[in-house]
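Report on the following structure.
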Amino acid sequence: MLSQKIETGHQDAVHDVAMDYYGKRLATASSDASIKIVGVSNSGSQLLATLTGHKGPVWQIAWAHPKFGSVLASCSYDGQVIVWKEGNQNEWSQAQVFMEHKSSVNSIAWAPHELGLSLACGSSDGNICIFTLRPDGGWDTSRIDNAHPVGVTSVSWAPALAPGALVGSSLLDPVQKLASGGCDNTVKVWKLSNGIWKMDCFPALQKHSDWIRDVAWAPNLGLPKSTIASASQDGTVVIWTVAKEGDQWEGKVLKDFRTPVWRVSWSLTGNLLAVADGNNNVTLWKEAIDGEWQQVTTVEP
């Protein structure tokens, strides 16, 4: 696996890195309150733009699907969520600033593109906001109040296709579901029905003994089951699965890393899980035929 060192030019810690849809550009978020857009290729990297507007550390960034143009969202300790749009090449402007949250916004995630341009945001105020672009250019806001009353740390969307549905079966309405993690040590699943977000797992998913740092819903390739990975301050990663709609979620500890686990991220096909831990290791995991998870490789820094 080839590695490439990229100088971002940030003046402080980098909290998040996101590759665009085509793998040509990298966005980075930092405690220096800025976002950098870096062009990457086999021959090296080049700083393309610096986006400023936040008044505190920027925790996460997320690229929208290119069918909506060149759009990036960011969230910050300052309580703001900013949607950035690229006009001319490498010229970015603030298309929208959301100030619904009363404290740090810790996590953002764009919905699957089938659901339109829709952004979920999780905040230390305990609430989740979902902002959806209307055809007239305005935004609708829906909320999940007290999702995790002591603070929301992470949000992740379910795939838009219902589990077991074949790609292209357009007769099915797309699924609108979210997973969230919080400082209450739990993972929760939410479903939009009749315009209202309701909890879709009873009780909340509890296997962690400390706050959740990240949740990631796996892509679904026509399999009947749904899978969520959660990473915690307690050092463990848990793989949650549910066989079919309405069943109970079951959790299995992937591993105790004995150090806080920062992030979990699925491959596009949903069969590989990358885990970033507090010892600066990134490991890749794969589910074996017998259902046990095995470490495939370690990504060397």
With sequence neighbours excluded, tell me which residues meet side-chain contact (heavy atoms from CB on, under 4.5 Å) with Gln206. Thr186
Contacts of Pro219 that satisfy side-chain contact (heavy atoms from CB on, under 4.5 Å) - sequence neighbours left out: Trp266
Cluster companions of [X] among Ile, Leu, Val, Met, Phe, Trp, Tyr (side-chain spacing under 4.5 Å):
X	result
Trp84	Ile35, Ile37, Leu48, Leu51, Val58, Ile61, Trp63, Leu72, Ile82, Trp92, Val97, Met99
Trp59	Tyr77
Ile289	none

Does anything in [range] form a salt bridge (charged side-chain N to carboxylate O under 4.0 Å, His left out)? List the pairs, not counting sequence neighbours.
range	value
residues 184-205	Lys177-Asp200, Lys191-Glu245
residues 136-162	Glu100-Arg143, Arg134-Asp136, Arg134-Asp140, Arg143-Asp145
residues 71-88	Arg25-Glu86
residues 263-274	Asp16-Arg263, Asp214-Arg263

Residue pairs passing the ring pair (Phe, Tyr, Trp, His ring centres under 6.0 Å) test where at least one lies in residues 106-126, sequence neighbours excluded: His65-His113
Summary of ring pair (Phe, Tyr, Trp, His ring centres under 6.0 Å) pairs that have at least one residue in residues 223-245, sequence neighbours excluded: none
Show which side-chain atoms of residues 118-129 pair as donor or acceptor with protein atoms under 3.5 Å away, not counting sequence neighbours.
from: Ser118; atom 1: OG; to: Thr132; atom 2: OG1; distance (Å): 2.8
from: Ser123; atom 1: OG; to: Ser103; atom 2: O; distance (Å): 3.3
from: Ser123; atom 1: OG; to: Ser104; atom 2: O; distance (Å): 2.9
from: Ser123; atom 1: OG; to: Asp125; atom 2: N; distance (Å): 3.0
from: Ser123; atom 1: OG; to: Asp125; atom 2: OD1; distance (Å): 3.1
from: Ser124; atom 1: OG; to: Asn106; atom 2: ND2; distance (Å): 3.0
from: Asp125; atom 1: OD1; to: His101; atom 2: ND1; distance (Å): 3.4
from: Asp125; atom 1: OD1; to: Asn127; atom 2: N; distance (Å): 2.9
from: Asp125; atom 1: OD2; to: His101; atom 2: ND1; distance (Å): 3.0
from: Asp125; atom 1: OD2; to: Lys102; atom 2: N; distance (Å): 3.1
from: Asn127; atom 1: OD1; to: Asn146; atom 2: N; distance (Å): 2.8

Is the shortest side-chain N to carboxylate O distance from Lys255 to Glu292 below 4.0 Å? no
